[in-house]
Each structure stands twice: as structure tokens, then as C-alpha cells.
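In what follows, every heavy atom counts, from backbone to side chain, and hydrogens, waters and symmetry copies are set aside. Throughout, a chain's letter reflects where its sequence line sits, starting with A, and its residues are numbered from 1.
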Number of protein chains: 2
Amino acid sequence: MPSPEPEMEIVHLLRAVTVELGLHSARFASRHGMHPTDVRALIALMDARRADEEMTAGRLGAALGLNSAGTTALVDRLERAGHVRRVRAEEDRRKVLIEVDERAVELGQAFFGPLIGRVVELVRGYDEREVAAIRGFLGEVREAAGEADRPAR
Amino acid sequence: MPSPEPEMEIVHLLRAVTVELGLHSARFASRHGMHPTDVRALIALMDARRADEEMTAGRLGAALGLNSAGTTALVDRLERAGHVRRVRAEEDRRKVLIEVDERAVELGQAFFGPLIGRVVELVRGYDEREVAAIRGFLGEVREAAGEADRPAR
DNA sequence: CCCTATTATCTCGCTGAGCGAGATACTCGC
DNA sequence: GCGAGTATCTCGCTCAGCGAGATAATAGGG
């Protein structure tokens, strides 16, 4: 066994964090009778909401890696549970806008709020340069993971 | 809308990273005709391997949040694909040890290697104190996510 | 030792998420 | 207003994961 590089500790920690966060979402899902995909969908929808972007059925499916049939089923499920509403887009009536219900937002905040608050608290414990390092690192990892397909740059 | 706290940027980045890494695993899965759960299982198995711990069917299922029936089906799938072997434990012959095939390890390294290498490279770009901050932050987040259930401490 | 309780895994039958193929509804350029 | 293109939906199917219960092995009290 080759002597392990010390940088690998960060790699393993990173993976452990994603696993742990995934399990946390799964707890939210099962507690509310939802499936992991539904939670991912709600998160994507709330992201769009925060960025003030309209979310259509198609864009949602693409973000989650579903095909159109699966997307329809997903939205059906969320709509049946009262978490979202379908609204025909006025400019292009082929599109279906998906709007998150206020109650679903509150549900999410009630569950994820404590964890988010804890992370905010953690961040406050670091000085400016340390926070910059954390922010830079996370941003670069996101970048790297998104582009990790094509072998060449 | 209340003025957003600046610490929230880190929270959103963190979530974006987990989403991106999740999609990356999903690409690995679909490229090799596997399901997301199978990839999570292989990761858990390789983790155990690195830590020199034996992994049984039961422990694997628990780590992934599957019940016994689902776990059996999962191991069947992985075994059929040649990624793992079932081995009866000698000390307690009720247990079934799951061993990862060397070829599956190589498959994973071939796919995740570039991304891991990129992250190692990134880490090298930070000085000691910055790396300590990143490591500390990730460790604390993992902790927080794992304990985020019980409201009181 | 045997008998019972306990633990680990597997089998069976079922539900439902997500897929491929193709239908339907709407838009846009000609 | 017709044909090509785009967004979503419908249908039928496959298979991941669940609940219930069977099977196999161990542990302990008598």
C-alpha cells in the first residue's frame, strides 16, 4: 500500500459530508412520505425561486436527470401531495410552470433550518481569510465535479 | 424578503457541491449500467476496505437505509455484475461478508480518479491554515448533518 | 446436550419510480 | 394556415425496494 497522500483526508471528508447530507435528505423524505427524487425536485424548485427564475417541467426533469415521462410522474406526485402547482406559461402555452406551495417551503425550512443555522454558526467561527478559503474550495470542487466528464479541457 | 445573511452563500455552495457530486456518481452509474444505490454500495464497500473492516450484508444495507429484502436484491445485482463476491463468515456462519472485486475498484478509480486528483491539486493550492479551516469545516458539517435529528443535544 | 430466543440472510408477492415509444398541444417561420 | 420543431403527457413495461414470513446459524438456560 503506497503511503497515502495527506490531501486524501479532505477528499474522504468531502465524500463523507455528501453521504451524510444525502442521508439527512432521505430522513426528510421518508418522514413526509416522499421519495429522494421528490426532495431533490423541491430543492431545485426553491433554488429557482430564490434566483427568481421560472421553473418549467422540462427544466426540472433535466436538472434531475429524468426523461419526460418520469418528469410528468414526478410533478403529478408533488401536485397530488399539494407541494406544487402546475401553471400554464402565458408567453408560451406549451410550457408548464411549476410553482412551489408556500407550505412546502415552510416544511423544508422547518426540517433543514436547524442544520442550516448550525452551518451558518460554524462559518461565523472562522475569520475572513478562512471563510474565503472554504468558499473558494467549495466553488472549485463544484466546478470540477461539473466538468469532470470530458477528459481534456 | 429579509436581507440575506452572507453566511448563506457557503450553505448554498455546499448544497450545490453535493448536488454536483451526486450527478457525477449518477453518470458513473448509468455509464456502467448500474443504479445510484449500487454506486453508493460500492463506495461504502471500498470505504470499509480502506478502513480494513469487514462488511456484511446487514451492515451494508443499514448504511444505505435498505431493509433486508432490498439488501439481498442489491447484493444479488452486484454479484451478478461481478463487482462483489459473497463469502460466508467463518466465525459466525449466519453472516455473509461482501468482498469487492479488484476490477470494480479499478473501474471506480478510473472514473473518479481524475476528479479526486483535481481536488488533491486544489488542496495543494491552499496554505496550512486554510487547509485546516477547510478540513475543520467539513468535519463539523458532517457531524452536524449526522446529528441533526435530535432537536436537543 | 436439547430447546428456545435471537440474529442474519433469503424468498415471495407486491407497489410504484422511471423508461421508451408515441400521442397531443402549442409556437414559429414560410 | 401548413409543416417542422418543441413541451408535455399517456401507455405499457421493467425492476428497485418494501412487508411478511421462511430458513439457517448461534447463544444461553435448564
Would Asp76(A) and Arg86(A) count as a side chain to side chain contact (heavy atoms under 4.5 Å, CB included) if you check the C-alpha gap in whole Å, the side-chain angles of each, and the deciding distance to 0.1 Å? CA-CA 9 Å; Asp76(A) 282 352; Arg86(A) 275 180 165 93; 2.9 Å; yes
Give every pair of a protein N or O atom and an N or O atom of nucleotides 26-30 of chain C that lie under 3.5 Å apart, one pair per line with the distance.
{"unit_1": "dT27(C)", "atom_1": "OP1", "unit_2": "Arg93(A)", "atom_2": "N", "d": "3.2"}

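- Across the protein-nucleic acid pair, His35(B) atom NE2 and dG17(D) atom C1' stand 11 Å apart, rounded to whole Å.
- Using a 4.0 Å cut-off between a side-chain N of Lys or Arg and a carboxylate O of Asp or Glu, Arg124(A) and Glu121(A) do not qualify as a salt bridge.
- Ion pair Arg85(A)/Glu99(A) flagged as a salt bridge, since at least one NZ, NE, NH1 or NH2 atom sits closer than 4.0 Å to an Asp/Glu carboxylate oxygen.
- Contact annotation: Arg77(A) side-chain N/O to dG16(C) OP1/OP2 distance is not under 4.0 Å.
- If you take CD1 of Ile98(A) and C1' of dA7(D), they are 11 Å apart, rounded to a whole angstrom.
- For Tyr126(A) (side chain) and Phe137(B) (main-chain N/O), a donor-acceptor pair under 3.5 Å exists by modelled atom type.
- As rounded to whole Å, 7 Å separates atom P of dC9(D) from atom CG of Asp76(A).
- Residue-level contact check: Thr37(B) touches the backbone only, with heavy atoms under 4.0 Å from sugar-phosphate atoms and none from bases.
- Judged by distance alone, the side chains of Arg77(B) and His35(B) never bring a donor and an acceptor atom under 3.5 Å apart.
- Leu74(B) has its CG atom 14 Å from the C1' atom of dC18(D), to the nearest Å.
- Per the geometry, CZ belonging to Arg86(A) stands 15 Å off P belonging to dA25(C), to the nearest Å.
- Side-chain atoms of Arg40(A) come within 3.5 Å of backbone atoms of Leu64(A) as a donor-acceptor pair (strictly under, hydrogens ignored).
- No single ILVMFWY cluster, assembled from side-chain heavy atoms under 4.5 Å apart, contains both Phe28(B) and Val19(A).
- In the region residues 53-68 of chain A, proximity to DNA chain C at under 4.0 angstrom, judged on heavy atoms, holds for Gly65(A), Leu66(A), Asn67(A).
- Look at Glu9(B) and Arg135(A) and you find a salt bridge, because one of the NZ, NE, NH1 or NH2 atoms lies within 4.0 Å of a carboxylate O, short of that distance.
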